[in-house]
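What follows is a short report on a single structure.
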Amino acid sequence: MPERPILQIESLSTSYGAVRALDSVSMSVPRGGICAVLGANGAGKTTLLRSISGLKRVDSGRVLVNGQDLTRTPAERHVRHGLVHVPEGGGVIVELTVEENLHLGALWRSGRRERAVLLQQMFDLFPPLLKRRSQPAGTLSGGERQMLAIGRALMARPQVLLLDEPSLGLAPLITRQIMQTLHDLRAATGLTVVLVEQNARSALSITDHGFVLSQGAVAVHGTSDRLLSDDRMRHAYLGF
Amino acid sequence: MNHFIDLTLNGLAAGAVYAALALSLVIIYQATRVINFAQPALALIAVYIAYTVTQATGNYWLGFAAALVTGLVLGAATERILIRPVHGTSPLNAVIVTLGLLLVLQGAAGMIWSNEPHSFPYPLDFRGRFSPSDIFALASVGVAALLLFGLYRATPLGLRMRAAAFHPEAARLTGVRVGLMLMTGWAIASVIGALAGMLATPPFVYPNVLDAVFIFGITAAVVGGLENPFGALVGGLLIGVSLSYVSGYAGPELTTLAALAILVVVLSVRPDGLFTRPTARKV
Amino acid sequence: MVSLEHSEAAAAGTPRRGRGSRALADRWRALPVLARNLLAAAAALLGIFLLTSVTSPITDLHIASVGYYMLAVAGLQLLIGFSGQISLGHGAFMFIGAYTMALLVLHQPMLPLWLNMAATVVVSCVAGVLVGAATARLHGPYLAGATLALAVGLPSLTVRFPELLGGNNGLSITTRGAPPALSGLITNSQWHAVVVWLTTLIGLVILATISSGRMGRRMRAIRDDEAAAALAGIPVGRTKVIAFVISAGCGGLAGASHTYLLGTATPSSFALTLSLSLLAALVLGGLGSLWGALWGAIALVYFELWGTELAHSLDLSTNVANNVPIVLFGVLLILIVLIWPQGLHGMVRRLGALVRRRG
Amino acid sequence: MATTTADPLLEAEGITVRFGGLTALNGVSLAVAPGTVVGLIGPNGAGKTTLFNVVSGVVHPQQGRILWKGAPLGDHRPHHLAKRRIARTFQGLNLFPGMTVLDNVIVGADRLASGTMPEMLTGLGRYQRDERRLRERAMAALEEFGIADAARALPGTLPYGVQKQVALARAVVADPQLLLLDEPASGLSGAEITALGKRIREFSEQMGVLLVEHHMDLVMEICDHIVVLNFGEVISAGTPAEIQADPAVTKAYLGADTEEGPDA
């Protein structure tokens with residue numbers, strides 16, 4: 001019997017006013033998978049992540065995490081079901097210190113002692129954060145902010161991590177380091193990652209599965225290698 | 001010289017009240033970007049409840065406690081019922097809603113307790129220079145400020161409240177119930193507002209009794225910088241002491257003009273108040 | 001009426017009519033803005049004259065009150081609705097206008113009315129320059145706080161200078177009624193209403209002209225995005241001050257009309273409640289269109305009246321009756337914002353669109 | 001660092017900007033000549049937007065100066081730019097949400113009106129002529145960009161791509177000699193980016209263009225000259241070919257092939 005996918009999306013539709021943003025999107029992500037959501041701007045990538053994490057109300061369809069229906073669950077409860085969304089730009093709270101940001105990630109369940117342990121793990125994972133632990137997050141560089149955002153998400157010990165354009169405006173070098181960290185985490189903890197990326201080529205080079213959105217619907221999906229090698233599809237949807 | 005010391009001490013006691021009101025405004029402003037113009041009316045209702053309880057039981061402190069509880073409930077209810085629906089719309093909407101609430105509550109107070117003044121007791125002996133009541137005012141506001149500081153800086157609830165205020169969406173994604181946190185912020189602010197009302201009202205209570213105090217409170221908050229609770233405290237004491245000198249040396253009818261003058265001078269030098277860190281504006 | 005929308009929206013909203021009326025509409029639109037506004041104002045003034053010739057003196061007084069409130073609210077519309085600066089202290093400029101008028105009548109009784117009005121505009125505009133320049137760097141809540149202090153602080157001047165400003169009792173003046181030449185033709189109360197509305201309409205013509213042209217566009221650009229407006233070459237600080245000055249002038253003129261109409265200027269008329277009522281009337285009427293000022297002013301005058309009448313007719317105790325208008329006004333404000341944020345003007349426009357579709 | 005043989009329109013000389021303890025720009029120089037497109041690239045936080053803000057007069061540098069046609073811009077402020085015929089777009093578009101598309105563009109053309117303050121206030125004199133001229137000019141710009149249909153719409157009701165066109169139309173309607181573009185391609189689809197590139201080349205026939213952009217393909221294709229910033233300093237400058245061949249750039253920005261430890 002194949003293992004149940006950890007994240008399952010069944011014909012999800014949503015709209016902004018009269019404009020349909022997602023049109024019956026279905027996808028499933030196996031435990032430990034790293035999958036890319038690709039497509040032109042306005043294709044609905046960010047809306048998909050926001051609908052999964054409860055920030056955007058959906059019109060119809062279902063979102064299942066670990067088999068549990070979270071479609072109508074408010075965003076603040078998703079973290080309790082093991083799903084954490086890192087929005088575009090990271091959603092770091094610039095007024096709080098690095099340490100406070102990290103604490104916030106684990107505040108919903110854990111005690112003081114457990115948080116201290118997690119905090120140390122994050123500093124081990126992202127050493128640049130340790131030096132800046134009591135600085136306001138607003139003083140961090142772009143790369144450090146993204147590390148902080150992912151670190152805060154990991155503080156919740158998620159099973160599924162949704163990442164919205166973590167490479168936006170970062171030097172490719174930094175992006176690669178962050179992606180390497182996620183790969184290591186998957187190997188160590190079985191973390192599942194859904195990655196929204198504008199830059200299809202680099203995203204497909206680090207994921208094992210890809211979904212291409214076009215005008216709010218899944219146009220193509222398949223393994224990353226297959227998507228990369230399909231010239232016609234690449235030209236039509238990914239523009240390279 | 002004696003006169004000067006008297007004025008300073010009186011100014012500090014009055015300033016404590018302004019500081020408390022300023023603090024309640026700043027807490028709410030930080031959390032929801034709203035200046036709560038209904039604050040004096042919320043405090044007014046709390047004071048009238050205290051008046052009624054004290055009349056019925058003969059115990060001032062029971063009334064005092066009732067006022068704080070009333071403040072808590074009213075603050076939470078205001079956020080939930082009136083502010084949340086206009087959250088995220090034009091800032092003017094929140095201004096208008098709170099002004100509307102001000103009118104409704106002041107009118108309601110007049111309907112229930114009449115527009116005529118009733119005598120209202122001081123917490124402690126109020127006679128003489130720097131009376132026990134003055135000391136009580138300073139001490140209670142000081143304690144409230146310390147508790148508040150501890151709550152915000154050192155507790156998980158405080159961290160959640162700050163996160164909800166600074167970046168609601170990010171806070172939600174980490175599991176914070178943002179609505180509840182904002183409501184808590186309004187409730188706490190209104191308790192402090194009620195405390196200010198209890199300190200400022202004596203010797204008489206009537207529907208407009210807190211209007212002038214509120215003006216000085218908002219002046220203090222703006223002078224200190226609306227983003228900074230510490231600024232509210234300093235601003236309150238500064239306004240209290242300055243106005244006390246103006247009143248003592250130049251005449252009490254000049255206090256509102258003096259408050260205006262202080263405001264204009266401070267803001268012309270620092271448009272975001274004394275204690276707001278200048279941030280790079282988005283261009 | 002004066003073309004209160006900026007021209008474009010008005011043009012867009014022009015309904016399809018018969019050929020003759022369309023040709024007329026085209027010719028109307030081809031006129032310069034100022035000429036159009038002046039013609040409309042003349043028609044409105046005639047309307048007021050005709051209306052007041054059938055109404056009672058007390059109604060004339062209410063109509064006149066609507067006039068000066070409308071001018072004050074329309075000035076505030078320019079400041080808040082167009083240039084985006086929230087002022088909570090506009091009553092201060094009415095205060096300045098009212099006392100300037102009273103002092104002129106008391107100390108220079110020979111000056112003609114129009115000169116008094118003109119002097120009032122100058123004085124309140126100067127006050128507007130001072131306040132506007134002092135507050136041009138402030139934004140949002142800081143501006144609100146500063147103007148609030150102004151509204152509360154300024155009337156206390158009367159207590160400071162009791163000999164000049166009459167203390168808490170204020171100043172009383174007598175104003176002349178209708179000129180003798182017109183004695184059979186027009187009653188005194190009608191004359192007062194027409195004078196007040198003439199003043200108001202002159203103010204409105206200027207406001208409408210500004211708002212439909214380059215200056216109004218500059219203000220709206222600053223309201224929407226200061227940085228982008230500056231980079232388009234718009235002097236942000238100067239434009240903000242100009243908005244302040246014009247709206248202060250309108251407030252001052254409204255205050256002068258108040259004194260002219262009622263014969264008194266007392267500090268209690270210019271308490272904070274007045275400033276807040278003006279703001280409330282603005283929101284009630286609808287932000288962003290000068291028409292909103294008319295609805296807001298009518299609401300301001302008649303809500304007070306109806307509230308009082310309602311309380312009396314219900315035979316309530318005095319405690320309750322005294323507070324009915326204020327509670328009603330507050331409730332209405334909250335409901336408008338929660339249910340109909342576009343204000344009465346939005347409601348009227350929606351209704352108009354509905355009628356046109358049916359017709 | 002002359003870009004072409006023509007005299008430069010804009011020159012930045014040794015610009016240094018510090019915010020508190022942070023040095024955002026350190027001795028940065030560049031020049032834009034008429035008829036050329038100069039690209040400014042570098043990772044986020046490298047100081048690109050700060051440099052734009054210095055040129056626009058939003059930020060005043062601690063050291064260095066900006067020259068416009070050879071003469072230093074003294075204590076210039078943002079609203080002086082339009083008169084000098086410098087226009088700028090924003091990363092976040094910054095359209096006026098409460099005004100129609102046409103009015104948005106008319107505001108951009110404000111410089112071309114000649115009426116004085118009293119004329120603006122009273123409706124006399126050149127008021128009417130200004131109105132007509134600005135309106136015609138703005139309509140012409142909208143037609144040129146193919147978005148005349150949207151003239152009466154509010155910007156918020158339009159697709160993002162159209163909003164970007166409005167922002168561009170607002171910037172060029174007053175006929176600038178220098179155009180500063182802040183990430184014009186962000187959020188556009190592949191086809192839209194191609195069209196944008198063509199349009200920017202067209203602009204460059206009439207004006208100098210300074211371009212901040214992350215989209216490398218676009219930058220490499222349309223720029224005559226590229227300046228690379230990293231941590232507030234110019235680490236390389238030259239033609240697209242030179243930049244692509246420069247190992248310093250590869251290392252800092254495009255990413256080296258070898259893994260390295262975090263040096264941030």
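Bear in mind that the values here come from a model prediction, so they are computed numbers and not experimental data.
- If you measure heavy-atom distances from C/Val331 to chain B, the contacts under 4.5 Å come from both the backbone and the side chain.
- Other residues, nucleotides and ligands place no more than 12 heavy atoms under 6.0 Å from the CZ atom of C/Arg238.
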Evaluate C/Leu148 against B/Phe37 for side-chain contact (heavy atoms from CB on, under 4.5 Å), listing each step before the verdict. CA-CA 11 Å; C/Leu148 188 74; B/Phe37 289 101; 4.1 Å; yes
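- For chain C, no part of B/Ala259 is nearby; none of its heavy atoms comes within less than 4.5 Å.
- Summarising the geometry of C/Tyr142 relative to B/Leu226, their closest heavy-atom pair is OH-N, 2.8 Å, with the distance given to 0.1 Å.
- For the set B/Val97, B/Val264, B/Leu92, the count of heavy-atom pairs under 4.5 angstrom toward chain C peaks at B/Leu92.
- Side-chain contact between C/Leu279 and B/Val95 is present, with at least one heavy-atom pair separated by less than 4.5 Å.
- Taken to the nearest 0.5 Å, the CE atom of B/Met111 stands 9.0 Å off from the CD1 atom of C/Ile326.
- The residue among C/Val327, C/Val131, C/Leu272, C/Leu284 with the most heavy atom pairs within less than 4.5 Å of chain B is C/Val327.
- Rounded to the nearest 0.5 Å, atoms CD (B/Glu116) and OG1 (C/Thr318) are 8.5 Å apart.
- Within the 4.5 angstrom heavy-atom criterion, only side-chain atoms of B/Leu102, from C-beta onward, approach chain C.
- Counted by atom type alone, B/Asn115 and C/Asn319 present zero donor-acceptor pairs between their side chains at under 3.5 Å.
- Nearest heavy-atom pair across C/Leu338 and B/Pro85 is CD2-CB, 3.9 Å.
- Ranked by heavy-atom pairs under 4.5 Å with chain C, the list B/Asn93, B/Leu82, B/Thr89, B/Leu105 is led by B/Asn93.
- Heavy-atom distances place the side chain of B/Leu263, and not its backbone, under 4.5 Å from chain C.
- Of the atoms belonging to C/Leu88, it is side-chain heavy atoms, and not backbone ones, that fall under 4.5 Å from chain B.
- In B/Arg84, the CZ atom is crowded: over 12 heavy atoms of neighbouring residues, nucleotides or ligands sit closer than 6.0 Å.
- In this structure, chain B has no heavy atom under 4.5 Å from any part of C/Leu143.
- For the set C/Gly145, C/Ala280, C/Ser317, C/Ser156, the entry with the most heavy-atom pairs within less than 4.5 Å of chain B is C/Ser156.
- What you find for B/Leu103 and C/Gly330 is that their closest heavy atoms are CB-CA, 4.0 Å.
- The backbone N or O of B/Leu254 sits nowhere less than 3.5 Å from a side-chain atom of C/Arg160 that would complete a donor-acceptor pair.
- For C/Leu287, the part lying near chain B is the side chain, with the backbone staying farther off; criterion is any non-hydrogen pair under 4.5 Å.
- With a threshold of 4.5 angstrom between heavy atoms, B/Leu267 approaches chain C through its backbone and through its side chain.
- Both the backbone and the side chain of C/Val324 come within less than 4.5 Å of a heavy atom of chain B.
- Residue B/Phe216 does not touch chain C at all, counting heavy-atom pairs closer than 4.5 Å.
- For C/Leu150, the parts lying under 4.5 angstrom from a heavy atom of chain B are both the backbone and the side chain.
- Considering only heavy-atom pairs separated by less than 4.5 Å from chain B, the leading option among C/Val152, C/Val159, C/Leu335, C/Ile86 is C/Val152.
- For B/Glu253, the CD atom sits in a packed shell: over 12 heavy atoms of surrounding residues, nucleotides or ligands are nearer than 6.0 Å.
- Counting heavy-atom pairs under 4.5 Å between each of C/Ala134, C/Ala146, C/Ala136 and chain B puts C/Ala146 at the top.
- For B/Val34, no part lies under 4.5 angstrom from a heavy atom of chain C.
- When heavy atoms are compared at a cutoff of 4.5 Å, C/Leu328 does not approach chain B at all.
- Of the atoms belonging to B/Ala220, not a single heavy atom falls under 4.5 Å from chain C.
- The environment of OH in B/Tyr245 is crowded: more than 12 heavy-atom neighbours from other residues, nucleotides or ligands sit within 6.0 Å.
- Dense packing is recorded around OH of C/Tyr302, with more than 12 heavy atoms of other residues, nucleotides or ligands lying under 6.0 Å away.
- Counting only distance, with no hydrogens or angles, the side chain of B/Tyr29 and the backbone of C/Pro141 share no donor-acceptor pair below 3.5 Å.
- The two residues C/Ile334 and B/Leu101 make their nearest non-hydrogen contact at CD1-N, 3.6 Å.
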